[in-house]
Participant: 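This is the structure I want to talk about, given as structure tokens.
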2 protein chains.
Amino acid sequence: MNTSQFSTKERILGAAETLFARHGFAGASLRQVTSAAKVNLAAVNYHFGSKDNLIEEVFRRRLDELNGRRVAALKGAGEDASLDALLGAYIRPALELSLDTDGGSAFVRVLARAYAEHNERLRKFLSDNYGHVLRLFAAQFAKQLPHLSKEELYWRLDIVSGALTYAMADFGVIQRRAQDSEAQHRALAAEHLIHFAAAGLRAP
Amino acid sequence: MNTSQFSTKERILGAAETLFARHGFAGASLRQVTSAAKVNLAAVNYHFGSKDNLIEEVFRRRLDELNGRRVAALKGAGEDASLDALLGAYIRPALELSLDTDGGSAFVRVLARAYAEHNERLRKFLSDNYGHVLRLFAAQFAKQLPHLSKEELYWRLDIVSGALTYAMADFGVIQRRAQDSEAQHRALAAEHLIHFAAAGLRAP
DNA sequence: GGCGATATCAAACGATCGTTTGAAGCATAG
DNA sequence: CTATGCTTCAAACGATCGTTTGATATCGCC
């Protein structure tokens, strides 16, 4: 019988997300995770098999949602969406995730750590599961930026992805204004990013 | 008597840099580091006091050089340097560091990890020691971009920093062309970044 | 040559790591 | 009711962690 409204698996995933964001994959131990989740130490290996599998599940849970929203936003923007609309469809779901009060803001930092890890297994996992979304967007960007070669376009989208990862994880040095909430600060970051990226993509 | 041309301290710093880049600060053990450096395990605590101090020294060694070059490039560009020249003065020293065959390419990944760590001690260390360089550049950018408010300018420079960190650490999905060397690939990334960032900064 | 300082060494410290084990708890189906 | 299949539990596994110790080696200097 669970004393919480969440299942053991869900509690582990939530705690792992928070602790991976804070201390990294190697830095957060299963003892910390299970203790924060208020479950037995052995529960991780019982439900997920290993720490590595747990890490992968932390990604899957959020990225399915994130990329689903991106694709939905892309379709919602129509066949001839403007550059700003395309950027919004890509960036705003990430922003919304980062504003999720229930772990999403931790997850965007986990995602940034994953990039820093440069881990081949994770890269393959991300590419296999979500590469098609990137290609979907690239095709639409190409229509709005016909003066760019495919190669040039990919370089620029790569730059946008980097800036987005960095911005959502709040790595920057910009101090939040006192009158802004954390959510407003992130929203501001996203709007600046969209504006900046639109100009960068349009460059000759 | 050292069998190598490098001192024990230097060998430790070099090995630590490589292994921190590959496995992270928590993920790389002192046993791995001292083994790769071909020194005794106790040497780290003898020469640096602790693992945390070693991490800080890894940063200091490279960042003194990097930011020195940036300031020199800024001065070399003259008082009324163009936007592209300013961006070049900021970005190219980072590129050159990433091309350094003797650990520099590892270090840019260590730097990216440091951002992902979100570690307060490291952030303070970086801000204390190198914040003045950022302000120096900001002042010059402001002269070239008089239409931007100070706040707006800082947002955009923050975006550039994020994209730069991401690009130098080679986090992106862009595949290196077969005919390009690793160095050429990085150089290409830097040029794309300068071009993109210049347009983004100039946006209304 | 001998002496103090500096450096390196093998070995061990207690703590913590991911994982495994086997028993106990608990729901549901027969 | 008992039997069955999940799930949870405390405890322990061997391995590895950062750090410390005290002996040994190596150096510059009088």
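We name chains A, B, ... by the order of the sequence lines, and we start the count at 1 in each one. What you see is a predicted model, and the numbers here were worked out from it, not measured in a lab.
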Participant: Let me have a per-nucleotide readout for nucleotides 11-24 of chain D, 5' to 3', with B, S or -, counting only protein heavy atoms under 4.0 Å.
Facilitator: -B----BBBBB---

Participant: Within the supplied structure, the quantity of interest is the number of heavy atoms (other residues, nucleotides, ligands) at a distance under 6.0 Å from Lys143(A) NZ; does it exceed 12?
Facilitator: yes

Participant: Think Thr8(A) has a side-chain N or O under 4.0 angstrom from the OP1 or OP2 of dT8(D)?
Facilitator: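 Yes, such a contact exists.
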
Participant: Check the phosphate of dT8(C) against His47(B), side-chain N and O only, distance under 4.0 Å to OP1 or OP2. Yes or no?
Facilitator: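 Yes.
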
Participant: For Arg69(A), what residues pass the side-chain hydrogen bond (donor to acceptor under 3.5 Å, both in side chains) criterion, not counting sequence neighbours?
Facilitator: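 Result, side-chain hydrogen bond (donor to acceptor under 3.5 Å, both in side chains) vs Arg69(A): Glu65(A), Glu96(A).
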
Participant: Sorted by first residue and then second, give each side chain to side chain donor-acceptor pair (under 3.5 Å) pair with at least one member in residues 108-117 of chain A; sequence neighbours left out.
Facilitator: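 Residue pairs with at least one partner in residues 108-117 of chain A: Arg113(A)-Glu117(B), Glu117(A)-Arg113(B).
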
Participant: Taking the side chain from Thr18(A) and the backbone from Gly14(A), do they hold a donor-acceptor pair closer than 3.5 Å?
Facilitator: yes

Participant: In terms of ring plane angle, is the pair Phe137(B) and Tyr90(B) parallel, tilted or perpendicular, where the classes change at 30° and 60°?
Facilitator: perpendicular

